[in-house]
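Below: one structure, written as structure tokens.
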Amino acid sequence: MWCSRMALRRLQRIAVTPLNITGGLTSSAQREMSTLPRVYVTRQIPPEGLKILSESGQVQFELWDSDDAPVPRKELLQKVKGVDGLLCVLTEKIDAELLDAAGPNLKVLSTMSVGFDHLSLEELKKSVCVCVCVFSCRGIRVGYTPDVLTDSVAELTVALLLTTSRRLIEATHEAKTGGWGTWRTLWLCGHELANSTVGILGLGRIGVAIAERLAPFKVKKFIYTDVAPRPELASIINAEYVSLDELAKQSDFLAVCCALTPETKEICNKDLFSKMKNTSIFINTSRGGVVHQDDLYEALSTGQIAGAGLDVTVPEPLPTDHPLFTLKNCVILPHIASASYTTRNAMSALAANNLLLGLRGEPMIKELKL
């Protein structure tokens, strides 16, 4: 595991290191800015990434200079016309409409995210008609930013699990609003990790990192399910592979860490919740789409499960009048699992370096194989 941690630290250092990509060109040989590849950046990304793009001397870029709201779709479709590269975040839907609007010049897409459910992978790799009876492959390469956010997501997941299981939000509210009366024997009692079984749905680096952080709480057993057993990762945390049904039945705490795919869409539904203990805590820091939210509401409101902590929902932001907000046993965060200064800067830098390498036709640091 020491080797794995060293590899992660090395990746984080690489991600924030500007690439030496000027190729030793003399000033007289530098191309005019107007002839450089055009790039559109869909958000005001953290400064490390912007610094890398600005100082590279390899691209001319324009960005949606705001971090408060996504670029309007209509404007995005205009801005991507004719670009060579696109650096986006998970709020942008990269589909056929956008790719057609960008046109054949677009060769590199770099997303500042580990998830890629906002990308239409089939559209990115499909053949398109460029003129009558002539077809060509889009040939768009895709960079993404896994691994650099492992620590921050794992930390937030543990924080959310403890907040939910020990009812901290409820307790804070009671203290602020006068509910704190005399000491009571069972008031605001929650569920502890000691001697518990922790289940992980989707065992990857983040799942392992979560388990490593929970182990000192004297967890009795770790179990997991995935599309197939993952013995190398499981051995790090001494986790047992079980079926989805057994994961639901045995878990005192169930942490969802899987990617959103057609197979995992709404996999956490009435059937799963009905098999869980009424003392179980459900935690999701992956993607909102893996949960059937109406079924979760029913499970929480009827006492089928004890509590839920969510960092992700559908839609995002979740409307303030959504029924889940009415429940005391549901803690909802605004998708902040990777929100540390270190991680977000590493993500933006990795996304920028992926983009520049892709535009040069070189291997990206982290490339999604289509």
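Values reported hereafter were calculated over all heavy atoms of this structure, with side chains retained and with hydrogens, waters and symmetry mates removed.
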Using the side chain to side chain contact (heavy atoms under 4.5 Å, CB included) definition, which of the options [options] pairs with [X]?
| X | options | result |
| --- | --- | --- |
| Val290 | Asn284, Val312, Asn269 | Asn284 |
| Leu310 | Leu318, Thr164, Val256, Leu296 | Leu296 |
| Cys88 | Ile94, Val71, Ile45, Val41 | Ile94 |

Of all pairs that satisfy ring pair (Phe, Tyr, Trp, His ring centres under 6.0 Å), the ones with a partner from residues 321-347, not counting sequence neighbours: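 Ring pair (Phe, Tyr, Trp, His ring centres under 6.0 Å) check on residues 321-347 returns no pairs.
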
Under a 4.0 Å threshold between the charged nitrogen and the carboxylate oxygen, would [Y] count as salt-bridged to [X]?
| X | Y | answer |
| --- | --- | --- |
| Lys275 | Asp271 | yes |
| Asp95 | Arg73 | yes |
| Arg213 | Asp151 | yes |

Would you say the side chains of [X] and [Y] form a donor-acceptor pair under 3.5 Å?
| X | Y | value |
| --- | --- | --- |
| Thr261 | Glu263 | yes |
| Thr264 | Arg287 | no |
| Ser113 | Thr111 | yes |

Nearest heavy-atom neighbours spanning [X] and [Y]:
| X | Y | result |
| --- | --- | --- |
| Ser301 | Leu327 | CB-CD2, 4.1 Å |
| Thr35 | Gln60 | N-NE2, 4.4 Å |
| Ile52 | Ala349 | CD1-CB, 3.6 Å |
| Phe273 | Ala299 | CB-CB, 3.8 Å |
| Gln304 | Ser274 | NE2-O, 3.4 Å |
| Gln44 | Asp65 | NE2-OD1, 2.7 Å |

May I ask whether [X] and [Y] are part of the same hydrophobic cluster, defined by side-chain heavy atoms of I, L, V, M, F, W, Y residues being less than 4.5 angstrom apart, directly or through others?
| X | Y | answer |
| --- | --- | --- |
| Ile283 | Val114 | yes |
| Leu161 | Leu247 | no |
| Leu87 | Leu356 | yes |

Would you find a donor on one side and an acceptor on the other, under 3.5 Å apart, between the side chain of [X] and the backbone of [Y]?
| X | Y | answer |
| --- | --- | --- |
| Asn354 | Lys366 | yes |
| Trp64 | Ala69 | yes |
| Asn345 | Glu48 | yes |
| Thr285 | Ala337 | no |
| Ser280 | Ser251 | yes |
| Ser196 | Leu193 | yes |
| Asp117 | Leu260 | no |
| Glu298 | Lys270 | no |
| Thr225 | Val242 | yes |
| Asp226 | Gly202 | no |

Would the number of heavy atoms belonging to other residues, nucleotides or ligands and lying under 6.0 Å from CH2 of Trp180 be above 12?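 Not buried by this count: 12 neighbours or fewer within 6.0 Å.
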
Is the NZ atom of Lys277 crowded by more than 12 outside heavy atoms at less than 6.0 Å?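 Yes, the 6.0 Å shell around NZ holds more than 12 heavy atoms from other groups.
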
How would you list all residue pairs meeting salt bridge (Lys or Arg N to Asp or Glu O under 4.0 Å) that involve residues 315-334, not counting sequence neighbours?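 The answer is none; no pair qualifies.
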
Qualifying residues under side-chain contact (heavy atoms from CB on, under 4.5 Å), relative to Ser338, sequence neighbours excluded: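 Partners of Ser338 under the side-chain contact (heavy atoms from CB on, under 4.5 Å) test: Leu149, Ser152, Val153, Thr343, Arg344, Met347.
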
Within this structure, what is the [atom1]-[atom2] distance for the pair [X] and [Y], rounded to the nearest 0.5 Å?
| X | Y | atom1 | atom2 | answer |
| --- | --- | --- | --- | --- |
| Glu174 | Trp187 | CD | CH2 | 5.0 Å |
| Cys257 | Ile210 | SG | CD1 | 3.5 Å |
| Glu192 | Leu162 | CD | CG | 11.5 Å |
| Leu86 | Thr42 | CG | OG1 | 6.5 Å |
| Asn238 | Lys221 | CG | NZ | 10.5 Å |
| Cys258 | Ile267 | SG | CD1 | 6.0 Å |

Tell me, do Pro70 and Glu92 make a side-chain contact under 4.5 Å, heavy atoms counted?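 With C-beta onward as the side chain, the pair touches.
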
Could you tell me whether the side chain of Leu359 reaches within less than 4.5 Å of the side chain of Val59, counting heavy atoms only?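 Of all side-chain heavy-atom pairs linking Leu359 with Val59, at least one is under 4.5 Å.
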
Examine Phe61 together with Tyr40 and report whether their ring centres are nearer than 6.0 Å.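 Ring-ring flag for Phe61/Tyr40: false, centres at least 6.0 Å apart.
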
So, for Phe253 and Phe282, is the gap between ring centers shorter than 6.0 Å?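 No.
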
